[in-house]
Amino acid sequence: MSALETNTMTNEPILKVEHLSMRFGGLMAINDLSFEARRGDITALIGPNGAGKTTVFNCVTGFYKPTMGMISMTQRSGKKFLLERMPDFEITRDAKVARTFQNIRMFSGLTVLENLLVAQHNMLMRASGFTILGLLGFSGYRRATEQSIEIAKYWLEKADLLSRADDPAGDLPYGAQRRLEIARAMCTGPEFLCLDEPAAGLNPRESLALNELLRSIRQDTGTSILLIEHDMSVVMEISDHVIVLEYGQKISDGTPEEVKNDPRVIAAYLGVEDEEVEEVIEEIEEIQETEGGQGGKH
Amino acid sequence: MATTTYSKESAGGSLTARALREGFFAGLVAFGLFILFVGLETTQNIRNELVLNQRWGLLAIFVAVAAAGRFLGVLYVQPWLAARKTAKAAVADKDVPETFLARNFSKLAILALVLMPPVAVALFGVQGSLKWVDNFGIQILIYVMLAWGLNIVVGLAGLLDLGYVAFYAVGAYSYALLSQHFGFSFWILLPLAGILAAFWGMILGFPVLRLKGDYLAIVTLAFGEIIRLVLINWTEVTKGTFGISGIPKASVFGIWSFDVGAANNFAKVFELPMSSAYYKIFLFYVILALALLTAYVTIRLRRMPIGRAWEALREDEIACRSLGINTVTTKLTAFATGAMFGGFAGSFFAVRQGFVSPESFVFLESAIILAIVVLGGMGSLVGIAVAATVMVGGTELLREMTFLKAIFGPDFTPELYRMLIFGLAMVVVMVWKPRGFVGSREPTAFLHERKAVSGSFTKEGHG
C-alpha cells in the first residue's frame with residue numbers, strides 16, 4: 001500500500017493537540033485530551049454520540065475557543081501556528097486548515113462553480129488588488145480568474161460533479177452536496193482537512209466513492225485528513241490512525257486493528273452486562289498499568 | 001372544493017346552474033353582512049335625536065354586485081384561469097425562444113431614457129417637458145439609484161438595513177454645508193459626499209457586526225433616526241427644521257452655468273429662451289449617469305471575489321468563515337459601498353432641490369426604498385428598476401388623474417390615496433410574485449451554459 005510508504009516518509013505530526021479542555025457552563029465537553037495527527041495520514045476520530053468529537057473539531061478550526069490546552073499545526077514549510085489563538089477565518093486562510101460540516105453548509109443559491117470560486121476568495125482577492133485593480137480591469141485579475149476556474153474544474157472532476165457545474169448547489173442530491181462540500185474545502189488549498197461525518201446519509205455506493213475521493217485527495221495533494229465518522233466501513237477501510245473518544249476523554253488510540261480489539265472501545269460502543277463490568281474494569285486497569293510502564297520507559 | 005370538479009364535458013347547463021346557485025348564495029351572504037352596516041344608518045337630526053335612515057337602494061347595489069360577481073366568476077373567470085394554467089403547463093415543456101425585447105430589455109431601456117428629454121421637449125415644448133423630465137424622470141431615477149445602492153447591502157450581502165436614508169441625508173447635508181461654507185463645486189463635492197457617506201456606513205457597520213436579522217434591522221432603524229434627530233437639533237450647523245436653502249446649482253463641469261446672472265449661462269450661450277427646463281434636463285442626465293454607474297459597479301463587483309463573498313455571506317455566514325473569508329471586512333465593505341451610492345444620490349438630491357431639511361429623510365423614505373428592493377426582487381437590477389418605476393411613477397401618475405374628479409366629485413384628490421394604493425400594490429405583487437418581479441438570480445460565472453438560479457434556492461440572508 002502506497003499509504004504506508006507516505007507514512008514512513010513523513011512521520012512527523014502535522015497537528016498536535018495537547019491537554020485540550022472545553023467547558024460549556026458545568027459540562028466538561030472535552031477533558032484533558034491530547035492526540036497527534038501525522039502528516040499524510042488519514043486520522044479518524046470516533047466515539048459514541050455526545051463524546052465531544054465535533055467539539056474537538058470546532059476547537060481545532062477556531063469555531064470554539066478552548067477553555068484550556070494547546071493546538072499546534074505545523075505546515076510543510078515548517079511554519080508553526082497555534083490554532084487556539086487564531087480567529088476561525090485565519091485558521092483556514094493562514095494555517096491552511098479546511099473543514100466541512102456535519103449538517104451540510106452549502107451556498108445553495110450560488111451555482112456549484114460559484115461555490116468553488118468563493119472558496120478561492122483570498123487568492124482572488126490578492127489577485128484583484130483587493131477589488132480595486134480588478135474593478136479597473138487589470139489583466140492580472142483576469143488570469144487569476146481563469147486559473148481559479150481551472151482549479152474548480154479539477155475538483156469538480158474529482159468529485160464527479162463536472163456536468164452539474166452550472167446548477168444551483170441547493171439543487172444537488174444529498175450525496176453530491178457532501179462531495180461538493182469536500183471539493184469546496186479543497187479549493188481553499190489546505191494542508192490539513194477536517195471532515196465532520198462525510199459519509200453520514202450516504203448509500204453504500206456513494207460511501208465507496210467517498211473513500212476513493214478521500215484516498216485520491218491524500219495521494220495527489222498530500223493533504224492530511226482528520227475525520228469524524230460513524231460509518232465503520234469507512235473508518236476501518238481508509239484510516240491509518242484511529243482515536244476513540246468517550247465523555248470528552250480519549251479511551252483508545254492506534255491503528256484500526258488495535259482499536260477494533262481494544263476492550264474499552266468495545267465496552268464503550270456495545271456496553272457490557274452488569275456481571276461483566278468488574279471484569280472489564282480489571283482488564284482496563286491491567287492495560288493502563290502496562291501503558292503507564294511503557295510511558296515511563298520512553 | 002367544488003371548483004376542482006369542473007370538467008369540460010359537463011360544461012354548459014350544469015355550469016350555468018352552479019354559477020346561478022353560487023351567485024345566489026353570495027348575494028345572500030352579502031345581504032346578511034351588509035344589512036346592518038349599509039342598509040341602515042343612524043344620524044342625528046337637528047333636535048339631536050337619533051334617526052334611523054333606511055338605504056335599501058344602496059344595499060341592493062351591494063348585494064347585486066356580490067351576486068353578479070360570483071356568478072360571472074364561476075361562469076367565466078374560473079374556466080378561463082384553468083384553461084390558461086393548462087396552456088401554460090403545455091408551453092413550459094417546450095423551450096420558449098427569447099424574444100428580441102426580452103433579450104435586449106436593459107439596452108433598450110437605457111436608450112429610451114437617453115432619448116426621453118429630447119422627445120419630451122419635441123412633444124410638449126421646453127416648459128411642458130419639465131413635468132416629464134423632473135417629476136417623473138429625475139424622481140424615479142433618484143429612487144432607482146437609491147434602491148440599487150441599498151440592493152448591495154440587502155440584496156447581495158443579505159444585511160437588512162432599515163436606516164438607509166441616513167446615508168442619503170449625510171450625502172445631501174455634506175453637499176449643502178460644504179458648498180455653502182467653502183464654495184466647492186458640485187463635481188468636487190459629489191465624490192466627497194460619497195466618501196463621507198461610506199465613512200458613516202463603516203461607523204454604522206462596526207457596532208452592528210455581531211447582530212443578525214431582527215436585531216440588525218432595529219439598530220439600523222435607530223441609526224437612521226439618530227442622524228435625523230441630530231440634523232434637527234444641531235441647529236448651529238444644520239439650522240434645524242428650517243433646513244438649508246440657497247444651495248448652489250451644479251454647472252456643466254464649470255463650462256456652462258445655470259445661474260441666471262452668470263455670463264456663461266447655458267441659455268445665453270446658445271441663445272435660447274430663458275427656462276429652468278435646461279437645468280432639469282441637465283440634472284436628468286446627471287442622475288441617469290449616476291444610476292448607470294451604480295448599476296455598472298454592482299455588475300462588476302458581483303464578478304469580483306468581494307461580490308461573491310457578499311452573496312456567500314447572504315447564503316451562509318458560518319460556511320464563509322470556514323473558507324477563510326473575513327466576514328467583518330466583507331460586511332463593512334458592503335455597508336460602505338451601499339452607503340457611498342446613497343451619499344451620491346443625497347448630494348444630487350441637494351443640488352436638485354436647492355434646499356434640504358430633515359423632513360426629507362424620515363423613516364418612510366427608508367421603508368419605500370426597501371419596499372422597492374423587495375418588490376423588484378432582491379439582487380436583481382432590472383427588477384428593482386421596474387419596481388421603482390411602477391411605485392414612484394405610479395404614485396406620481398395619480399396626480400395626473402384629474403378625470404377621477406368627474407367620477408368621485410370635485411373634492412376628490414387622488415394624491416391622498418397614494419400610500420393606500422402603494423400598500424395595495426405591494427400586497428398584490430407579494431401574493432402574485434413572492435420573490436419580487438425578478439426572483440431568479442444570474443450566476444456570476446459558468447462553465448457550460450449560463451442558467452438563472454431559481455429564487456427558491458437563494459436565501460434572504462440572516463442579517
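Protein chains get the first letters and strands the later ones, always in sequence-line order, with residue 1 at the start of each.
- Each of B:P443, B:S322, B:C320 has some count of heavy-atom pairs under 4.5 Å with chain A, and the biggest count is that of B:S322.
- With a 4.5 angstrom heavy-atom cutoff, B:R308 touches chain A via backbone and side-chain atoms both.
- For A:L156, the part sitting under 4.5 Å from any heavy atom of chain B is the side chain, from C-beta outward, and nothing else.
- Judged by distance alone, with hydrogens and angles left aside, the side-chain atoms of A:K65 form a donor-acceptor pair with the main-chain N or O of A:M86 at under 3.5 Å.
- Counting heavy-atom pairs under 4.5 Å between each of A:I149, A:N122, A:T100, A:T145 and chain B puts A:N122 at the top.
- Comment: A:E191 engages A:R39 in a salt bridge, judged by a side-chain N to carboxylate O separation of less than 4.0 angstrom.
- Under the 3.5 Å distance criterion, the side-chain polar atoms of A:Q120 are left unmatched by any main-chain donor or acceptor of A:T188.
- When each of A:M106, A:E114, A:R93, A:R99 is scored by its heavy-atom pairs under 4.5 Å with chain B, the top score falls to A:E114.
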In a table with atom names and distances, give each donor-acceptor pair under 3.5 Å that connects a side chain of residues 146-158 of chain B to protein atoms at least two apart or in another chain.
{"from": "B:W148", "atom 1": "NE1", "to": "B:L381", "atom 2": "O", "distance (Å)": "2.9"}
{"from": "B:N151", "atom 1": "OD1", "to": "B:G379", "atom 2": "N", "distance (Å)": "2.8"}

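- Residue with the most contacts toward chain A among B:P305, B:G307, B:A319: B:P305 (heavy-atom pairs, distance under 4.5 Å).
- Proximity to chain B involves both the backbone and the side chain of A:D171, based on heavy atoms less than 4.5 angstrom apart.
- For A:F24 and A:Y64, the ring centers sit closer than 6.0 Å to each other.
- At distances below 3.5 Å, not a single donor-acceptor pair connects side-chain atoms of A:D41 with backbone N or O atoms of A:A37.
- Proximity to chain B is limited to the side chain of A:L113, based on heavy atoms less than 4.5 angstrom apart.
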